[in-house]
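Let me begin by presenting the structure, written as structure tokens, before commenting on it.
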Amino acid sequence: MFSRTFRLPSDCIERSSGLGSSVTESQSLSQEDNPPANQDAEKLSTKISSKISQSDPWQLLEEEIIQNPNDITKWDLLFKSFDEKFEELYDEQNKESISDEFKKYVHRSYSDLLQRFPYLNNYWKNFSIFEYKLNGADASIDVLSKSVNNFPHSIDLWSDYMSALITQYEGTPEASRQQEQINFIRAQFDKALTYNGQQFLSHPLWDKLFEFETSLNVDDEETSREIFFTCLKVVRIPLYQYAQYYKKFVEINKKFSINDVFSMEQDKDLLIEEYLKRFNKGSVEEFSLIEEHQIIDDYSYKIFTKTQAKVNEKWKYESALAITEFSLQNYSQIEEESEKWINYLNYEIENYRSLDTENKDKIIQYEYAVNIFERALIPLCLNSKIWLKYLAFINTSHLENEEKYDKMKAIYDLAINRFIPLDDNYIRFSYGIFFMKYDKFELSNELFFDLIKLFGGLGSSKVYQKDDYLEAVNSLIRLWSQVLDENKITKIVEGIIDNYFEKPDRYTKRPGASETNKKVKDESSEKFIFNDNYVKIFEKLLNDESICVVIDFYLNYLITNLTQSTHIKIRKFFNRYYKESAIQKSVKFWKFFVEFEGLIHHNMVNLKKIIKHIQYNTQLPKAILDSFIDLNYEIVSANLSEIFDNNANTGRSDDTLIMYDNDISESLIVNSSGRKRLSNNNYIIQELEEAKLAKSQNKYESGQPLVNREEELLKIIRKHADHPGILVDHTPEISNKIMNEGNWVSLDKDVVDVPNFPTFKNVEKASLPIVFPSNDI
């Protein structure tokens with residue numbers, strides 16, 4: 001059983017396009033968020049569910065599955081209840097005894113699970129069996145066809161599918177059998193063996209192919225040649241049953257010529273020339289029948305010994321594999337098996353890299369490695385490390401760029417749209433980098449927009465994944481900076497920031513949509529035509545956290561080319577936006593300006609103003625504040641001469657070094673800056689101020705504020721002292737404190753006056769039970 005509930009792409013990724021899919025601009029950017037493509041199916045499921053009797057046991061199970069769709073035991077109970085309902089409804093004499101609603105509901109339930117986890121072998125089989133009982137053989141075959149399309153590397157499912165096709169063919173009256181049926185079955189075998197023919201345990205598929213071909217007509221020349229060339233192919237592959245296929249090959253290879261036997265050799269002419277020299281012959285026609293048989297036997301045995309050596313090497317790794325199927329029950333054990341698969345993969349990859357590009361076996365070794373990757377990704381399909389390793393292997397392979405791109409794109413699409421959980425997103429961001437590498441900037445742009453919607457909870461998924469959302473925003477803006485010139489990207493980002501804070505600069509003319517398109521098309525490369533509509537969509541996807549990412553990009557983009565005008569521009573930007581509430585929580589914004597003034601310009605006056613503002617007015621965590629105070633302490637210490645010169649002109653000393661310990665103190669009694677900052681941002685104090693202001697016509701009485709914020713903050717802290725998180729209003733307090741009476745103890749007197757005994761208030765309430773917050777909302 002899973003230790004946690006995975007959020008998979010099938011939960012929320014929009015099916016209209018999918019991540020990284022190539023769609024037109026009008027489809028992807030000028031429209032509002034499209035609903036998921038399976039929305040209609042969900043409505044259908046709800047509609048069907050409403051027609052099923054509420055007394056059926058799966059009503060409660062369905063609710064539990066929605067809460068935890070990874071709990072396979074609940075799915076098992078659901079399917080078991082379907083079986084029981086079928087037995088209850090089935091009437092052999094009445095074919096309509098089972099309603100269409102029930103059939104659709106069963107079909108929808110199996111499809112939901114297998115859409116989520118397409119590598120569940122046995123559930124595809126059960127689905128096929130149930131479909132056979134409900135709708136007949138053709139419907140069952142349709143399910144098997146879908147199963148091998150969704151899970152093409154399953155030998156088990158291909159075996160069942162091919163058996164069903166052969167049975168259907170054999171059940172057809174002999175007079176009605178057509179060559180098209182045979183050709184279709186052969187085409188399906190070719191497809192099955194393309195995916196699985198080199199799998200170490202693929203003998204069930206090869207056996208079924210031989211069985212089918214033999215059943216057609218063993219004396220037919222075409223069939224005989226099909227069997228021979230199949231044997232010639234399979235004896236070269238290191239399979240568990242390699243000896244069995246070698247024996248079959250030896251039984252029939254004498255019926256064919258040397259040219260046929262050598263037909264799969266890349267250096268066929270060189271091989272024939274070698275045998276001609278050995279037998280002192282001038283041409284193949286001069287070989288006697290016995291010589292031909294000797295040559296065929298010699299050649300076949302060389303193939304056998306080579307295959308046998310390969311099998312022995314692979315057996316070390318194959319025998320170590322305990323889990324080769326995907327499972328929901330023991331996924332933790334499957335993760336532990338990943339090391340064995342990685343060792344196997346490293347072995348095949350090393351064999352591939354050891355061969356020269358000109359070596360004829362390099363392509364074969366590449367196929368072996370790909371096959372092991374595909375097998376490993378059955379039990380480990382949720383493990384992004386294996387997918388990334390697969391992509392890295394393809395990226396360094398011998399394939400041409402175009403073929404490499406197509407192969408890697410298919411792997412990325414399968415991984416991120418079907419398998420990799422939505423809390424493991426390194427591979428998704430690497431997909432955008434992959435597009436950029438191949439100059440597919442439009443696709444990269446599309447991908448990052450999709451990711452922003454997905455992680456921002458703005459599309460079909462309503463879950464906000466902050467870190468991934470901010471990373472997607474950062475990736476998109478950096479993509480634009482790579483394809484647009486410096487002037488253009490600066491204006492675009494400035495416009496985004498201005499519009500977000502509703503502070504458009506009326507004195508700066510910004511290009512309109514048509515002007516933007518024209519300029520970018522002329523000045524940028526033709527790889528990516530930037531549309532002004534992108535900016536409008538991007539602005540709608542921003543929040544207070546992501547606008548800070550844009551600001552951080554903007555400031556660092558400016559500072560890469562520092563000039564006098566740039567310095568002025570950066571300081572103007574600070575003065576314009578530093579009071580915005582979104583920026584009060586931005587660590588990167590304040591870090592930039594502390595370093596800008598303190599490390600670049602050594603402007604201690606500006607630095608001190610910034611630090612004071614951070615201390616008193618921002619909403620940063622204390623650990624971050626302490627880091628800024630530490631950084632400020634180091635900068636000030638390194639610039640003491642400038643500090644003293646500046647302070648000498650003002651006639652004041654600098655308190656940065658003196659107050660350092662106080663400023664980082666955990667005590668709000670000692671840490672006055674922290675006390676003031678927290679009191680200014682405490683909502684209880686703000687509510688108290690509003691209440692008193694409502695009773696008073698004037699905010700100030702006798703020139704004094706209505707509320708002493710810092711004193712109120714200390715009262716609140718005292719109320720929390722005994723019970724953190726619970727406000728206690730009836731803690732006993734001393735009512736005649738010495739300080740309140742103005743009586744200080746003088747240390748100059750020989751005889752000290754004894755103060756009055758303390759008196760208390762709230763004593764009678766101290767024993768009352770604590771009123772805890774109610775759970776009711």
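In what follows, residues are counted from 1 in the order of the sequence shown. For the numbers below, each heavy atom of this structure counts, side chains included, while hydrogens, waters and symmetry mates do not.
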Check: Asn121/Ser154 side-chain N/O donor and acceptor closer than 3.5 Å: yes

ring-ring contact (aromatic ring centres under 6.0 Å, His included) partner of Tyr390, chosen from Trp341, Tyr412, Phe373: Phe373

For the residue pair Trp206 / Ser202, report whether a side-chain donor-acceptor contact shorter than 3.5 Å exists. yes

Parallel, tilted or perpendicular: which fits the ring planes of Tyr431 and Phe434, with parallel below 30° and perpendicular above 60°? parallel

Side chains of Tyr105 and Glu62: do they bring a donor and an acceptor to under 3.5 Å? yes

Is a salt bridge present between Lys340 and Glu337, judged by a nitrogen-to-oxygen distance below 4.0 Å? yes

Partners passing side chain to side chain donor-acceptor pair (under 3.5 Å) against Gln465 (at least two apart in sequence or in another chain): Arg7, Asp468

Residues passing the side chain to side chain donor-acceptor pair (under 3.5 Å) test with Tyr405, sequence neighbours excluded, are none

For Phe429, does the CZ atom have more than 12 heavy-atom neighbours from other residues, nucleotides or ligands under 6.0 Å away? yes

Identify every side-chain donor-acceptor pair in residues 159-166 under 3.5 Å, counting partners at least two apart or on other chains, and give the distances.
from, atom 1, to, atom 2, distance (Å)
Ser159, OG, Ile155, O, 2.9
Ser163, OG, Ser159, O, 2.8
Ser163, OG, Lys208, NZ, 2.8

Would you tell me whether Asn371 and Glu367 have side-chain atoms, one donor and one acceptor, within less than 3.5 Å of each other? no

Count the heavy atoms belonging to other residues, nucleotides or ligands that lie under 6.0 Å from CD of Glu402, then report whether that count exceeds 12. no

Tell me, with the steps shown, if Tyr469 and Phe455 meet ring-ring contact (aromatic ring centres under 6.0 Å, His included). CA-CA 5 Å; Tyr469 164 72; Phe455 299 135; 8.7 Å; no

For Phe79 and Tyr110, run ring-ring contact (aromatic ring centres under 6.0 Å, His included): C-alpha distance rounded to whole Å, both residues' side-chain angles, the deciding distance at 0.1 Å, then the answer. CA-CA 8 Å; Phe79 297 144; Tyr110 270 106; 3.9 Å; yes

Cation-pi check, Lys316 onto Tyr344 ring (under 6.0 Å, within 45° of axis): no

For residues Lys74 and Gln67, is any side-chain donor paired with an opposing acceptor at under 3.5 Å? no

Is Glu471 salt-bridged to Arg428, going by a charged N under 4.0 Å from an acidic O? no

Taking only residues at least two apart or on different chains, which pairs with a member in residues 230-240 satisfy salt bridge (Lys or Arg N to Asp or Glu O under 4.0 Å)? Arg236-Glu265

Please check if any side-chain donor atom of Lys191 sits under 3.5 Å from a side-chain acceptor atom of Asn149, or the reverse. yes

Within a radius of less than 6.0 Å around CG of Leu201, do more than 12 heavy atoms belonging to other residues, nucleotides or ligands occur? yes

Between Tyr317 and Asn346, do the side chains contain an N or O donor and an N or O acceptor separated by less than 3.5 Å? no

Which residues satisfy the side chain to side chain donor-acceptor pair (under 3.5 Å) test with His153, sequence neighbours excluded? Glu374

Determine, step by step, whether Ile378 and Thr324 satisfy the side chain to side chain contact (heavy atoms under 4.5 Å, CB included) criterion, reporting the C-alpha distance in whole Å, the side-chain angles of both residues, the deciding distance to 0.1 Å, and the verdict. CA-CA 7 Å; Ile378 296 174; Thr324 58; over 6 Å; no

What is the ring orientation for Phe127 with His107, classed by angle as parallel under 30°, tilted 30 to 60°, or perpendicular over 60°? perpendicular

Under 6.0 Å between ring centres, would you say that holds for Tyr366 and Phe393? yes

Between Ser147 (side chain only) and Trp124 (backbone N and O only), is there a donor and an acceptor less than 3.5 Å apart? no

Just distance, no hydrogens or angles: give the donor-acceptor pairs under 3.5 Å from side chains in residues 129-139, sequence neighbours left out.
from, atom 1, to, atom 2, distance (Å)
Glu131, OE2, Asn135, ND2, 2.8
Asp138, OD1, Gln168, NE2, 3.1

